[in-house]
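To find a chain, count down the sequence lines: A is the first, B the second, and so on, and within it residues start at 1. Side chains are part of it too, since the values below use all heavy atoms of this structure and drop only hydrogens, waters and symmetry mates.
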Number of protein chains: 2
Amino acid sequence: MPTSPRAPLSRERILSAALSVADRDGLPALSMRRLGAALGVEAMSLYGHVRDKGDLLDGLVDHVVGMWADPLPDESDWRVVARTTMARAHEVLLARPWACELVAARPTVGRNRLRYAEALQRRMLDAGFSPQLAHHGLHLVDGTIMGFTLQELRRPTLQQLGEEVAAVARGERADEFPAITAVLADSAHDHAAEFALMTELILDGLERLHARETAERRTTDAPS
Amino acid sequence: MPTSPRAPLSRERILSAALSVADRDGLPALSMRRLGAALGVEAMSLYGHVRDKGDLLDGLVDHVVGMWADPLPDESDWRVVARTTMARAHEVLLARPWACELVAARPTVGRNRLRYAEALQRRMLDAGFSPQLAHHGLHLVDGTIMGFTLQELRRPTLQQLGEEVAAVARGERADEFPAITAVLADSAHDHAAEFALMTELILDGLERLHARETAERRTTDAPS
DNA sequence: GGTGTATACTTACAGCGTAAGGGTGCCGTG
DNA sequence: CACGGCACCCTTACGCTGTAAGTATACACC
């Protein structure tokens, strides 16, 4: 067999291997050498297809964004698009804790991010949003995805760090932190339900802003 | 002068030096060796006061949290506490881009975080929130702080990365991304105003959930 | 067959976190 | 005053990181 025994490298193959490594061993374990080893290749060979490690990470970010933004919902109602996108993004990010950290560290705007922003903002403009409000809407949806997912990821590490905090979480410091203790004691916290509730809160809020905006426009445009 | 020419190390001094280094040179530059050098000391000397680099970073996170959570507003209205805390947190995090990244990477719950959570949740419980809703409220406020600040930090790096994206941002791809182009063309984006608007949206939403909750409780408790 | 080009490998360097062990000066006690 | 103990800090070393520079191999085409 004259051909090389291994398939040739490519950006695609590198990115998907990087995704596997990060999924399996976490983000700190994603070094160029380990990634190369996972592909049966030396570290330096990767640099033919990837400018930097930063470039690789940026590619990874957009790849992950594509996981929830692709395929875009074929739906004209901005609420439906926002809702399904938020749910999918939440699911994808929860399954890949390293992705949140990565997006925070490398807030890249890639092709998938562009396509998703375009789709959501177009729906909002079509629904009569002002460009300003469409801008706010995108930020609100995106911010909620990241902010809330980070909240949930914060929780599992709670017990692993800090005896003082763990005592509070076990309800042993009710004197000093009564409210926290009461809240923790009461609620069997359902993350998925909370995220859904907050999604609706966000969408309601946006819709109210939109309604207020159109009301103002009407009184301004036709006051006579 | 028989005493050592340098003041003895302490966790406090180390943390505040780490803060300066991160502020000046960024988070990647915060290595144990550089931090030691900033204190006139070798890297290994730090390990007498800090278990780990992770321990140091956790301390840094809570230190930053303290910057906006301390002193807690002396105010009984949860809305006021939430609003001022969000504004202060936003300001602090925008001035320290590395802090967002750090919180995402090390979602630690420290002493300052506990005190702040306690204060806000107590106000909510006092106002008649159910423990569930107070829990949601804290998550909503925290999530919005992080999510929105991350959004804003994403922007400055937009032009530095990716010629394709930069072209879109300059409005040269109106054919493929009409909505984005329209939105960018129209809005002179005011981040502070957007954050304030979204803060009110959040608070309104929470208040509506609270009102709905009390209405339901009334019909349940006294239906006769 | 010879040459060009793409691809992957090798070597090397500076920097990282930190484990292990070696000094050095203050401090309380005899 | 002398001395043991003990904080504190420094030195050295190891395996890891990203990546710059240079080298070898294997295929495509004239």
Send over the distance from A:Ile14 CD1 to C:dT7 C1', rounded to a whole Å.
12 Å

B:Leu35 atom CG is separated from C:dG15 atom C1', nearest whole Å, by 16 Å

Distances under 3.5 Å between protein N/O atoms and the N/O atoms of nucleotides 12-17 of chain D, please, pair by pair.
from, atom 1, to, atom 2, distance (Å)
D:dT17, OP1, A:Ser31, OG, 2.8

Checking A:Asp25 now: which residues fulfil salt bridge (charged side-chain N to carboxylate O under 4.0 Å, His left out) with it, not counting sequence neighbours?
A:Arg34

Please, which pairs that meet ring-ring contact (aromatic ring centres under 6.0 Å, His included) have at least one residue in residues 86-110 of chain B, sequence neighbours excluded?
B:His90-B:Phe195

When the distance from CD of B:Glu42 to P of D:dC9 is rounded to whole Å, what number comes out?
12 Å

For A:Leu46 and C:dT10, what is the distance between atoms CG and P respectively, to the nearest whole Å?
14 Å

Any heavy-atom pair between the side chains of B:Thr108 and B:Asp62 that's under 4.5 Å?
no

With sequence neighbours left out, write down each residue that passes salt bridge (charged side-chain N to carboxylate O under 4.0 Å, His left out) with B:Asp190, or none if nothing qualifies.
none

Integer-rounded Å distance: C:dG17 C1' and B:Leu57 CG:
12 Å

Whole angstrom is fine here: how far is it from CG in B:Leu27 over to C1' in C:dC16?
14 Å

Check the phosphate of C:dC9 against A:Ser45, side-chain N and O only, distance under 4.0 Å to OP1 or OP2. Yes or no?
yes

Show me the pairs that pass side chain to side chain donor-acceptor pair (under 3.5 Å) and involve residues 63-75 of chain B, at least two apart or across chains.
B:Asp70-B:Arg115

If only side-chain N and O atoms of A:His49 are considered, is one of them under 4.0 Å from the OP1 or OP2 phosphate oxygen of C:dA8?
yes

Run the salt bridge (charged side-chain N to carboxylate O under 4.0 Å, His left out) test against B:Glu118 and tell me which residues pass, sequence neighbours left out.
B:Arg122

Take the protein atom CG of A:Asp55 and the nucleotide atom C1' of D:dG18, then report the distance between them rounded to whole Å.
14 Å

May I have the distance from A:Leu56 (atom CG) to D:dT19 (atom C1'), rounded to whole angstrom?
14 Å

